[in-house]
There are 2 protein chains.
Amino acid sequence: MSTYEKTCLIRGDGGRAIRGILGRVADKWTLLVVATLEDGRMRFTELHQRIPGISQRMLTRTLRNLERDGLVSRDVFAEVPPRVEYELTDAGRTLIDPAVRLAEWAVAHNPQIEASQQAYDAQRGTPPL
Amino acid sequence: MSTYEKTCLIRGDGGRAIRGILGRVADKWTLLVVATLEDGRMRFTELHQRIPGISQRMLTRTLRNLERDGLVSRDVFAEVPPRVEYELTDAGRTLIDPAVRLAEWAVAHNPQIEASQQAYDAQRGTPPL
DNA sequence: CTGCATCCCGCGTGATACTG
DNA sequence: CAGTATCACGCGGGATGCAG
């Protein structure tokens, strides 16, 4: 497949599909939750502790969306105190690889990008926009 | 590299690097602009026409950010009427491959995900949250 | 043609407090 | 323990109009 044909995947229907997925998968927390769940089945509090900076609310919302998308399974145990365990589904696990590619690109190019930003901001005043 | 080691790329510093890149690259329009520019050097109006639904304002902002990140070069011609041409830099071109991986994942899993969402919404009332 | 300025609205997000 | 409810704030992003 040529590079041109590949980018058609992105442009596709005018980008609706790709934006839909990115809007879901690239929201502030989803990728972190998925990556953390790669360590295996885990309950709410442990996820909360493992992901620094996420609020209870955002963790709940992110998990709900992932469950709705069929990427994470949610098991509730009828105990007291309550226990809920989360786990990646097979579909969820397939997300890891493409996400890692992007992460590799990110860490590889981060220094270069930040350098470029500083150079840009140095010429014009600091305000980028 | 193991899958576990890979996800450490995402989790990394608590996700700051990854969220930074995603916040930049996965905003509503950036990927579409990059993919469109893969066809070669292009001026503002042509980009605007090729990307359905983008507003003039958002195209300008997206291009400025990409320029600031060093992913797109901007050439201004001192003519009248003015002409400005945009082109991917080498760094910008390296983004295409990882982006395409994610796009492939998106189109491959979109039907499955939407089905899962409908099933989820069918059980509980339509409100996902 | 290119793109900046202004106005304005809605949503995503954090903080905090309360419930089963 | 695992959420839900409420509030308040800021930013993304569309529409419109003006400028070089």
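These values consider heavy atoms only, across backbone and side chains, with no hydrogens, waters or symmetry-generated copies. The shown structure was predicted, so the numbers you read here are calculated from the model rather than taken from an experiment. Chain A is the first sequence line, chain B the second, and so forth, proteins listed ahead of strands; every chain is numbered from 1.
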I'd like to check A:L88 versus A:I96 (side-chain heavy atoms, cut-off strictly below 4.5 Å). Are they in contact?
yes

Please list residues of residues 41-49 of chain A whose heavy atoms come under 4.0 Å from any atom in DNA chain D, ordered by number; otherwise none.
A:R43, A:F44, A:T45

Expected list for residues 71-87 of chain A near DNA chain C, using heavy atoms below 4.0 Å, is A:P82

In terms of relative ring orientation, are B:H48 and B:F44 parallel, tilted or perpendicular, with 30° and 60° separating the classes?
tilted

Report, as yes or no, whether the 6.0 Å neighbourhood of atom CZ on A:F77 holds more than 12 heavy atoms from other residues, nucleotides or ligands.
yes

Would one find a side-chain N or O of A:R64 under 4.0 angstrom from OP1 or OP2 of D:dG3?
yes

Among B:V72, B:T89, B:L71, whose side-chain contact (heavy atoms from CB on, under 4.5 Å) with B:L37 holds?
B:V72

Restricting to nitrogen or oxygen on both sides, can you table the protein-nucleotides 6-9 of chain D pairs closer than 3.5 Å?
residue: D:dT6; atom: O4; partner: A:R57; partner atom: NH1; Å: 3.3

If you check every side-chain atom of A:T60, which of C:dT13, D:dT4, D:dG12 has the closest atom?
D:dT4

Nucleotide nearest B:Q56 when distance is taken to its side chain, options C:dA17, D:dG17, D:dG12:
D:dG17

Side-chain heavy atoms under 4.5 angstrom apart, residues restricted to Ile, Leu, Val, Met, Phe, Trp, Tyr: same cluster for A:V76 and A:L59?
yes

Could B:R11 and A:D39 be called an ion pair, given the rule that one side-chain N must be under 4.0 Å from one carboxylate O?
yes

